[in-house]
Amino acid sequence: MPRLPDSEIEQLKLRVPLLAKVESAGIALKRHGRDWIGRCPMHDDKTPSLVISPKSNLWHCLGACQAGGSVIDWVMRFEGVSFRAAVEQLQREVGAGVSDAPRVTATTQDATKAAPPIPVLAADAQDDQALLGRVIDHYHATLLASPEARAYLAKRGLDDASLIATFRLGSANRTLGLTLPGAEVKAGAAIRGQLQRIGILRASGHEHLAGSLVVPVIGSDGAISEVYGRKLRSDLRVGTPLHLYLPGPHRGVFNEVGLIGQE
């Protein structure tokens with residue numbers, strides 16, 4: 001099998017619904033907030049520790065094995081096959097080729113069965129808040145499957161499942177764009193423009209919080225008022241901001257403080 005470009009591998013991870021694949025293996029799951037939980041088959045799991053996040057199509061075990069990742073990682077771990085074999089199997093499931101496979105277009109109602117792109121929302125304050133919530137959901141699911149982010153939290157004594165869930169901590173790893181409609185179509189251009197306006201994306205299309213631990217500040221009403229980011233790595237070039245701060249939609253972009261080499 002010729003090596004697939006990284007972009008096609010990332011698309012494959014999004015186009016095979018992980019929730020349906022896990023359930024088809026006979027693993028009982030039940031809804032837990034935005035996610036689904038069940039007993040992890042990778043170890044002798046006495047209590048449900050397997051978390052499936054349909055919106056991001058990621059999984060993570062909060063129990064003994066601490067495994068996690070994409071649908072490719074699931075196939076590799078569950079079936080004991082190589083990366084190449086897992087990719088070939090998933091390619092067969094989506095059709096002749098990843099590039100030709102239809103992008104998931106599930107609605108909110110069937111989001112539990114697939115990983116839909118973030119929906120295009122009208123440009124008003126309430127919808128900005130809803131869109132920001134979807135972004136935070138994506139970052140949260142990404143953190144659950146990120147060994148680097150979990151190691152960062154563990155080093156600071158914060159790798160606690162209830163803490164992570166309560167405060168909806170997340171990790172931005174540059175995959176947000178893969179969940180959006182294509183930039184070349186009207187819907188994709190519209191949502192990227194909205195994400196730029198509320199401060200999630202730069203004008204270039206890159207994520208402001210890329211490479212950061214993401215901490216949303218959530219009010220008693222559930223609204224996200226601010227978003228804080230802290231770079232996970234410290235081996236960055238001098239002048240790179242360690243801390244990024246988004247003071248809510250419509251109120252500017254990020255206030256960058258604490259530069260590498262100046263702390």
Side-chain angles (χ1 to χ4, degrees), residues 33-35 51 53 55-56 58 60 62 118 121 125-180 191-192 194-263:
R34 296 178 177 85
D35 300 326
V51 180
S53 300
K55 289 182 180 179
S56 59
L58 295 172
H60 184 73
L62 300 174
I118 293 177
L121 304 171
Q126 179 58 44
D127 283 344
D128 281 348
Q129 182 64 221
L131 178 57
L132 185 57
R134 290 294 303 277
V135 172
I136 294 302
D137 284 344
H138 173 81
Y139 287 155
H140 177 63
T142 300
L143 181 143
L144 294 178
S146 170
E148 181 184 23
R150 298 298 293 266
Y152 177 90
L153 292 175
K155 187 167 61 175
R156 287 156 178 77
L158 299 173
D159 191 21
D160 178 81
S162 61
L163 180 149
I164 292 170
T166 299
F167 293 98
R168 292 171 67 186
L169 302 184
S171 172
N173 68 347
R174 299 178 177 83
T175 61
L176 179 64
L178 297 173
T179 71
L180 306 176
I191 198 167
R192 282 172 171 78
Q194 189 176 359
L195 288 170
Q196 288 177 23
R197 180 165 52 77
I198 65 177
I200 295 299
L201 297 182
R202 300 179 185 274
S204 64
H206 296 98
E207 296 172 56
H208 270 287
L209 293 172
S212 300
L213 173 73
V214 178
V215 183
V217 179
I218 306 173
S220 58
D221 60 354
I224 300 168
S225 60
E226 303 165 356
V227 181
Y228 166 78
R230 204 284 186 188
K231 292 293 187 183
L232 294 172
R233 297 172 54 185
S234 58
D235 58 338
L236 305 171
R237 66 178 183 273
V238 173
T240 299
L242 273 177
H243 309 279
L244 302 170
Y245 171 68
L246 170 62
H250 306 298
R251 289 191 284 160
V253 189
F254 292 87
N255 174 31
E256 300 180 349
V257 297
L259 303 182
I260 293 289
Q262 297 182 10
E263 286 202 328

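Take Ser204 and apply the side chain to side chain contact (heavy atoms under 4.5 Å, CB included) test, not counting sequence neighbours, and it matches Arg202, His206. Listed by chain and residue number, nothing satisfies the salt bridge (Lys or Arg N to Asp or Glu O under 4.0 Å) test with Arg192 (two or more places apart in sequence, or in another chain). With sequence neighbours left out, the salt bridge (Lys or Arg N to Asp or Glu O under 4.0 Å) criterion links Asp159 to Arg150.
The CD1 atom of Ile198 sits 5.0 Å away from atom CG of Leu132, with the distance rounded to the nearest 0.5 Å. Separation of atoms CD1 (Ile200) and CZ (Arg134) is listed at 13.5 Å; rounding is to 0.5 Å.
Judged by distance alone, with hydrogens and angles left aside, the side-chain atoms of Gln129 form a donor-acceptor pair with the main-chain N or O of Ile224 at under 3.5 Å. Looking at Ser146, its side chain never comes within 3.5 Å of a backbone N or O of Thr142 through a donor-acceptor pair. A donor-acceptor pair is defined here as one N or O able to donate and one able to accept, closer than 3.5 Å; such a pair exists between the side chain of His140 and the backbone of Leu169.
The heavy-atom pair separating Gly229 from Leu209 by the smallest distance is CA-CD2, 3.7 Å. The heavy-atom pair separating Ser53 from Ala141 by the smallest distance is CB-CB, 3.6 Å. Closest approach of Leu158 and Ile164 over heavy atoms only: O-CG1, 4.3 Å. Contact between Glu207 and Tyr139 at its shortest, heavy atoms only, is OE1-OH, 2.6 Å.
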**Report entry** side-chain contact (heavy atoms from CB on, under 4.5 Å) between Leu62 and Val51, worked out
**Finding:** CA-CA 8 Å; Leu62 300 174; Val51 180; 3.8 Å; yes
Report task. Could you walk me through whether Leu213 and Leu143 pass side-chain contact (heavy atoms from CB on, under 4.5 Å), step by step? Result -> CA-CA 8 Å; Leu213 173 73; Leu143 181 143; 3.6 Å; yes
**Report entry** Test side chain to side chain donor-acceptor pair (under 3.5 Å) applied to Thr175 and His138, step by step
**Finding:** CA-CA 9 Å; Thr175 61; His138 173 81; 3.0 Å; yes
**Report entry** Test log, rule side-chain contact (heavy atoms from CB on, under 4.5 Å), inputs Glu226 and Val215
**Finding:** CA-CA 9 Å; Glu226 303 165 356; Val215 183; over 6 Å; no
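Between Arg230 and Ser212, the closest side-chain pair of non-hydrogen atoms is not below 4.5 Å.
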